[in-house]
Amino acid sequence: MLTYNFEYERKIKAGFIGCGGHSFRNIYPTFQYAPVDLRAVCDLRLERAQAYARQFGALNAYQSHHEMLEKEELDAVFIVTNYDEEAKPRFPQLAIDVMNSGCHAWIEKPPAGSVSEINKMIAVSQHTKRFVSVGFKKCFFPAYEKVKQIISAEDFGTPAAIYVRYPQSIPAEGDREDARKMLGFLDHIAHPGSILHHLMGKIRQVYFEDEPFNRGSMGILRFESGAIGTLHLASGQSGTSPLERVEVIGNGCNVVVDNCTKLMYYRRGGRGAGGYGRTPDYIGADDTAPIYWEPEFSLGQLYNKGIFLLGYAPEIIYFCECVLNDTAPTKCGLDMALEVTKLYEAYKNASGQIIQINS
Ligand SMILES: NC(=O)c1ccc[n+]([C@@H]2O[C@H](COP(=O)([O-])OP(=O)(O)OC[C@H]3O[C@@H](n4cnc5c(N)ncnc54)[C@H](O)[C@@H]3O)[C@@H](O)[C@H]2O)c1
């Protein structure tokens with residue numbers, strides 16, 4: 001049963017850096033369901049910070065995060081900012097400032113534009129004993145959570161292969177050192193990258209080919225577990241099409257999620273009886289029949305709200321629980337940020353050759 005904000009006995013004292021579009025739509029509203037006592041908000045545009053403070057019930061508004069961190073007594077700070085003048089995410093430096101002030105940090109994706117910046121955050125996290133959670137929302141989608149549960153069960157066998165499809169282009173090889181041209185790729189690779197990591201673990205190596213028409217690509221992955229995968233960055237598809245498809249193959253079974261919501265689990269089983277050429281009925285036994293889930297959109301249930309379907313409220317609630325229990329996140333922490341950013345760098349650095357991500 002989910003707890004509403006006013007029902008929690010203990011809440012984290014929180015600050016917020018960034019009063020932009022995404023946070024207004026998707027992050028501040030999650031505090032209705034999370035143990036968050038929003039003390040202060042901050043934005044370079046002070047009038048925005050003041051408007052958000054009024055809208056979301058914070059006591060104070062600031063223009064400088066340094067001033068906010070100095071004046072407020074906080075447990076954690078949420079950071080949802082944009083890119084700097086060099087098209088780099090602002091999260092690494094802001095998260096470091098937050099950790100150095102004694103607070104835990106929750107940052108949106110993409111956590112950084114380079115592996116070296118992630119390593120700097122890891123070093124500060126180890127030194128300050130403060131942690132950083134990253135908004136890899138896909139890891140909290142109900143459909144992908146269920147996939148994780150299915151593929152982790154003994155019945156499924158070892159997850160042997162994964163297919164992830166996501167519409168994203170990659171700039172031509174000569175343009176990949178240009179952070180501005182890479183911004184769209186960096187902004188979105190975290191989505192399929194976090195699905196791959198969450199479901200299959202660390203990637204050992206990647207090879208991809210890209211096409212010149214829409215700049216889509218097909219990647220072949222080898223995971224440290226020995227499993228294989230395909231990352232199909234399906235640029236060029238219609239704007240009327242669902243964005244994603246994910247499939248994991250086990251041993252005699254597979255699970256498919258279409259459009260992040262329709263989950264089909266094809267359990268180990270078969271159709272009809274009688275052998276090839278002698279089976280008149282395609283329906284198999286009930287106890288091995290496929291399992292199919294999709295949402296209904298009739299009821300005023302939390303599960304019908306975008307902030308739950310798209311993982312936002314669950315990821316914020318999880319972070320708050322980590323802060324309240326003073327335990328670093330085992331999901332979507334800096335270790336995962338490191339792996340997702342390694343994948344980004346692998347795509348940035350080459351195509352048409354095998355790139356070792358982990359040895
Ligand atoms: N997970 C998702 O589904 C999802 C969706 C959309 C955006 N995002 C991510 O959210 C982030 C924000 O996107 P957006 O579209 O809301 O951007 P935005 O430009 O609308 O908002 C960013 C805000 O941060 C403020 N800001 C920047 N630097 C600051 C600083 N040092 N101190 C205080 N305020 C500062 C800006 O003034 C601006 O108001 C991006 O990283 C984006 O990739 C994630």
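Just the heavy atoms: all of them, side chains too, but no hydrogens, waters or symmetry mates, feed the values below. Counting starts at 1 for both ligands and their atoms, in listed order. Quantities reported herein were computed from a predicted structural model and do not represent experimental measurements. Here, residue 1 is the first one in the sequence, and each next residue gets the next number.
Heavy atoms of F24 come nearer than 4.0 angstrom to ligand 1 in no pair at all. Ligand 1 lies less than 4.0 angstrom from a heavy atom belonging to C19.
The shortest contact between atom 43 (O) of ligand 1 and any protein heavy atom is with D187 OD1, 2.7 Å. Ranking the protein heavy atoms by distance from atom 41 (O) of ligand 1 puts K109 O, 2.9 Å first. Nearest to atom 13 (O) of ligand 1 among the protein's heavy atoms is H22 CB, 4.0 Å. Nearest protein heavy-atom contact of atom 20 (O) of ligand 1 is G21 N, 2.9 Å. Given atom 21 (O) of ligand 1, the protein heavy atom at minimum distance is G20 CA, 3.2 Å. The single protein non-hydrogen atom nearest to atom 12 (C) of ligand 1 is T81 O, 3.3 Å, given as residue, atom name and distance.
Linking ILVMFWY side-chain heavy atoms closer than 4.5 Å, directly or via other members, places V124 and V323 in two distinct hydrophobic clusters.
The atoms of ligand 1 that sit less than 4.0 Å from any heavy atom of V80 are 10 (O), 11 (C), 12 (C), 22 (C), 24 (O). Each of the following atoms of ligand 1 lies closer than 4.0 Å to a heavy atom of K137: 1 (N), 2 (C), 3 (O). Short contacts between ligand 1 and F91, defined as distances under 4.0 Å to a heavy atom of the residue, involve ligand atoms 41 (O). The R45 neighbourhood of ligand 1 comprises atoms 37 (O), 38 (C), 39 (O), with distances under 4.0 Å to a heavy atom of that residue.
Annotation: cation-pi pair K331/F140 present, NZ/CZ under 6.0 Å from the ring centroid and within 45° of its normal.
When each of L94, I79, T81 is tested with H65 by the rule side-chain contact (heavy atoms from CB on, under 4.5 Å), just one qualifies, namely L94.
Taking the six-membered ring where tryptophan is involved, the planes of Y4 and Y33 are perpendicular, since the angle between them exceeds 60° and thus also 30°. Ring orientation note: the planes of F78 and F16 are close to parallel, at an angle under 30° on the 30°/60° scale.
Among all heavy-atom pairs drawn from Y347 and G219, the shortest one is OH-CA, 3.7 Å.
For Y312 and H22, the ring centers are positioned less than 6.0 Å apart. In this structure, Y28 has its ring center under 6.0 Å from that of F56.
Ion pairing between a basic and an acidic side chain is recognised when a charged N comes within 4.0 Å of a carboxylate O; K109 and D187 show such pairing. Salt bridge R215/E211: absent, no basic N to carboxylate O contact under 4.0 Å.
Backbone and side-chain nitrogen or oxygen atoms of Y312 are examined, and one is located within less than 3.5 angstrom of a nitrogen or oxygen of ligand 1.
The part of I17 lying near ligand 1 is the side chain, judged by heavy-atom distances below 4.0 Å. Under 4.0 Å from ligand 1, heavy atoms of D43 appear from its side chain as well as its backbone.
With distances taken over non-hydrogen atoms, the option nearest atom 17 (O) of ligand 1 out of N82, L94, V41 is N82.
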